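Reviewing the structure listed below.
Just so it is clear, the model here is predicted, and its values are computed rather than measured. Residues: numbered from 1 along the sequence shown.
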Amino acid sequence: MKSVTLTSIAALTLPFLAANGWAYNEAPMLKQLVEAGQLPPVEERLPKNPRVVPVYDSIGIHGGVLKRAFKGPTDRWGPTKLMEERAVETYMDGDKNLSLVPGWIGECSASEDAREFTFTIREGLRWSDGAPVTTRDVRF
């Protein structure tokens with residue numbers, strides 16, 4: 001439950017902090033693109049209520065090469081593991097408590113009989129090319 005509390009607190013405080021001078025950070029290579037006019041400022045690229053994941057260790061350095069094992073075409077998780085963003089994801093906090101948190105959705109609800117679920121996409125969520133994410137993108 002601890003991570004849900006952290007997520008809830010972040011959702012309530014981030015708009016206040018942003019309105020009072022707090023700013024998001026971004027990778028140096030993205031900041032250079034913003035300064036060159038090739039990319040909008042980070043505040044314009046994020047949804048209204050972005051997902052914030054607390055960092056318990058050092059963030060490290062930006063850039064570099066990612067190396068990982070891939071077993072071939074039968075390795076279903078190999079090529080997709082790093083590219084998927086799920087509606088609801090598991091999250092482990094610094095004390096190793098596991099909980100479910102919203103991914104690309106802002107909120108969700110279920111009918112009393114748990115046969116129908118309603119997911120609301122985060123307001124302002126966009127693809128990497130700037131196009132808005134809509135229900136057509138996730139219809140199945």
Side-chain angles (χ1 to χ4, degrees):
M1 246 352 187
K2 195 177 217 178
S3 63
V4 172
T5 302
L6 288 172
T7 303
S8 301
I9 290 170
L12 294 172
T13 59
L14 282 176
F16 170 80
L17 293 173
N20 290 287
W22 183 80
Y24 295 101
N25 289 320
E26 62 187 329
M29 59 281 279
L30 296 178
K31 190 171 188 168
Q32 290 173 354
L33 292 173
V34 170
E35 290 169 356
Q38 297 175 326
L39 194 63
V42 68
E43 293 83 4
E44 294 176 22
R45 299 189 323 258
L46 293 175
K48 183 177 179 181
N49 179 22
R51 178 178 177 201
V52 176
V53 179
V55 177
Y56 294 99
D57 292 323
S58 172
I59 293 175
I61 59 172
H62 294 280
V65 176
L66 175 66
K67 297 179 182 178
R68 65 185 302 268
F70 175 54
K71 299 175 192 170
T74 60
D75 185 0
R76 189 271 184 245
W77 295 109
T80 62
K81 188 68 170 171
L82 301 174
M83 298 181 290
E84 289 181 351
E85 180 71 22
R86 298 191 180 274
V88 178
E89 299 181 0
T90 55
Y91 173 76
M92 184 181 296
D93 66 17
D95 296 326
K96 298 191 177 183
N97 297 311
L98 195 62
S99 60
L100 292 175
V101 296
W104 50 265
I105 60 169
E107 55 189 68
C108 65
S109 62
S111 62
E112 283 190 34
D113 61 2
R115 298 178 118 196
E116 186 175 311
F117 293 82
T118 302
F119 297 94
T120 304
I121 297 174
R122 290 182 188 273
E123 184 179 339
L125 193 64
R126 298 184 176 278
W127 292 102
S128 58
D129 65 358
V133 174
T134 69
T135 55
R136 291 185 66 85
D137 297 315
V138 294
R139 187 181 301 169
F140 57 89

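Residues Val133 and Trp104 form no side-chain contact, since every pair of their non-hydrogen atoms from C-beta on lies 4.5 Å or further apart. The shortest side-chain heavy-atom distance between Val34 and Val42 does not fall under the 4.5 Å cut-off. Using a 4.5 Å heavy-atom cutoff, the side chains of Thr90 and Leu100 are in contact. Looking at heavy atoms from C-beta onward, Ile121 lies in side-chain contact with Thr135 at the 4.5 angstrom threshold.
Scanning all heavy atoms of the two residues, the minimum distance from Pro132 to Trp127 falls at O-CD1, 3.8 Å.
Under the 3.5 Å distance criterion, the side-chain polar atoms of Arg45 are matched with a main-chain donor or acceptor of Pro40. Listed for the Asp93 side chain is a donor-acceptor partner under 3.5 Å among the backbone atoms of Asp95. Panel note: side chain Glu44, backbone Pro41; no donor-acceptor pair is recorded below 3.5 Å.
Between the OG atom in Ser111 and the CZ atom in Phe117 there is a gap of 7.0 Å [rounded to 0.5 Å]. In this structure, CG in Asp137 is found 4.0 Å from OG1 in Thr134, a value given to the nearest 0.5 Å. We find the CD-CD1 distance between Glu89 and Ile105 to be 10.0 Å, quoted to the nearest 0.5 Å. Taking CD of Glu26 as the start and CG of Leu33 as the end, the distance is 9.0 Å to the nearest 0.5 Å.
Among residue pairs with one or both ends in residues 102-119, none qualify as salt bridge (Lys or Arg N to Asp or Glu O under 4.0 Å); sequence neighbours excluded.
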